[in-house]
Amino acid sequence: MNIAGKKISSIGLGCWAIGGTFYFQGVPDAFGEIDDNESIRAIHAAIDAGINLFDTADVYGVGHSEEILGKALRKTNKRDDIILATKFGNIFNSETKDVQPAFLSPGYIQRAVNASLKRLNTDYIDLYQIHTWGLERETAEFVFDTLDDLVYSGKI
């Protein structure tokens with residue numbers, strides 16, 4: 001299978017665990033304590049083993065997973081070979097580490113993709129996914145139009 005002309009490795013690396021503790025509507029939603037250096041070593045080991053698909057989300061560790069993935073990739077020269085998949089659809093408070101569902105609007109989506117690009121230290125995302133339990137029919141058209149705009153701009 002290919003994404004953006006890149007062949008996808010048979011195995012990908014999910015990056016939820018490297019985000020650390022966060023809360024979804026007040027309930028802990030994580031694997032516990034993390035070691036950022038160990039996470040970076042794991043990402044590098046995955047790349048060395050031929051894995052090129054890395055899946056994360058902006059809410060994993062309230063952005064921390066994206067930051068660590070971006071930091072790990074910055075230390076390689078392999079961005080063109082890597083497939084970055086991330087997600088949007090929630091808002092979070094960095095201080096309390098609490099996540100809440102977002103109201104999907106074109107402005108929110110633009111802010112979310114720009115924040116993810118910054119944390120991932122890249123100028124494009126290969127696979128940008130809606131990370132919600134559902135999408136209302138009334139909302140779908142402008143969400144898809146906004147995503148189309150992001151494709152045309154080269155951000156996704």
Side-chain angles (χ1 to χ4, degrees), residues 1-20 22-26 29-30 36 39-40 43 46-47 50-156:
M1 179 184 284
N2 293 307
I3 290 182
K6 300 176 190 178
K7 185 173 175 160
I8 302 171
S9 55
S10 298
I11 298 172
L13 182 67
C15 296
W16 177 24
I18 71 172
F22 66 101
Y23 304 88
F24 188 76
Q25 298 179 322
D29 194 6
D36 292 342
S39 297
I40 291 170
I43 292 164
I47 292 169
I51 294 172
N52 72 339
L53 173 63
F54 295 87
D55 179 73
T56 188
D58 59 1
V59 298
Y60 296 168
V62 294
H64 191 68
S65 175
E66 288 183 335
E67 289 171 358
I68 295 303
L69 183 54
K71 186 176 180 181
L73 295 177
R74 192 169 34 247
K75 295 181 179 184
T76 73
N77 292 327
K78 302 197 178 207
R79 174 60 183 105
D80 291 340
D81 301 323
I82 299 298
I83 297 166
L84 284 179
T86 195
K87 306 169 196 77
F88 70 96
N90 297 280
I91 55 173
F92 49 85
N93 181 315
S94 296
E95 291 179 22
T96 65
K97 296 191 175 198
D98 191 50
V99 174
Q100 303 289 327
F103 172 73
L104 298 179
S105 69
Y108 157 76
I109 297 168
Q110 290 284 347
R111 287 188 302 278
V113 75
N114 288 332
S116 287
L117 289 167
K118 183 176 179 181
R119 286 188 294 267
L120 289 164
N121 191 44
T122 189
D123 56 356
Y124 67 97
I125 295 166
D126 298 288
L127 178 60
Y128 200 46
Q129 303 161 89
I130 300 171
H131 199 202
T132 64
W133 290 102
L135 186 60
E136 298 295 326
R137 186 178 302 255
E138 304 81 43
T139 310
E141 185 174 348
F142 75 76
V143 168
F144 296 142
D145 287 346
T146 303
L147 294 173
D148 282 341
D149 291 344
L150 293 172
V151 169
Y152 296 128
S153 72
K155 290 183 179 183
I156 63 172

CD (Gln25) with more than 12 external heavy atoms under 6.0 Å: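 Result for CD/Gln25: enclosed.
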
Ile11, CD1: over 12 other non-hydrogen atoms inside 6.0 angstrom: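 No, not enclosed.
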
Contacts of Phe88 that satisfy ring pair (Phe, Tyr, Trp, His ring centres under 6.0 Å) - sequence neighbours left out: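 Partners of Phe88 by the ring pair (Phe, Tyr, Trp, His ring centres under 6.0 Å) criterion, ordered by chain and then number, come out as Tyr128.
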
Shortest non-hydrogen contact from [X] to [Y]?
| X | Y | result |
| --- | --- | --- |
| Phe142 | Ser105 | CE1-CA, 3.4 Å |
| Asp29 | Phe24 | OD2-CB, 4.0 Å |
| Leu84 | Ile125 | O-CG2, 3.6 Å |

Residues which pass side-chain hydrogen bond (donor to acceptor under 3.5 Å, both in side chains) with Lys6, listed by chain and number, not counting sequence neighbours: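 Expected list: Tyr124, Asp126.
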
Please set out all donor-acceptor pairs under 3.5 angstrom arising from side-chain atoms of residues 69-78, sequence neighbours excluded.
unit_1	atom_1	unit_2	atom_2	d
Thr76	OG1	Leu73	O	2.9
Thr76	OG1	Lys78	N	3.3

Pairs involving residues 52-70, ordered by first then second residue, that meet side chain to side chain donor-acceptor pair (under 3.5 Å) (sequence neighbours left out):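 Output for this query lists Ser9-Asn52, Asp36-His64, Asp55-Lys87, Asp55-Gln129, Thr56-Ser65, Tyr60-Lys87, Glu66-Thr86, Glu66-Ser116, Glu66-Arg119.
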
Spacing of Leu117 atom CG and Asp123 atom CG [to the nearest 0.5 Å]: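 Nearest 0.5 Å value for the CG-CG distance: 7.5 Å.
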
Gap between atom CG of Asp81 and atom CD1 of Ile47 - 0.5 Å precision: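 Those atoms lie 9.5 Å apart.
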
Main-chain N/O of Ala30 paired to Tyr23 side chain as donor or acceptor, under 3.5 Å: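 Pair absent, no side-chain N/O of Tyr23 close to backbone of Ala30.
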
Side-chain (Arg79) to main-chain (Ile82) donor-acceptor, under 3.5 angstrom: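 Such a contact is found between Arg79 side chain and Ile82 backbone.
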
Without placing hydrogens or testing angles, list every side-chain donor-acceptor pair under 3.5 Å for residues 148-156, not counting sequence neighbours.
unit_1	atom_1	unit_2	atom_2	d
Ser153	OG	Asp149	O	3.4
Ser153	OG	Leu150	O	2.9
Lys155	NZ	Asn114	OD1	2.7

Counterpart residues, salt bridge (Lys or Arg N to Asp or Glu O under 4.0 Å), relative to Lys7 (two or more places apart):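 Salt bridge (Lys or Arg N to Asp or Glu O under 4.0 Å) list for Lys7, sorted by chain: empty.
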
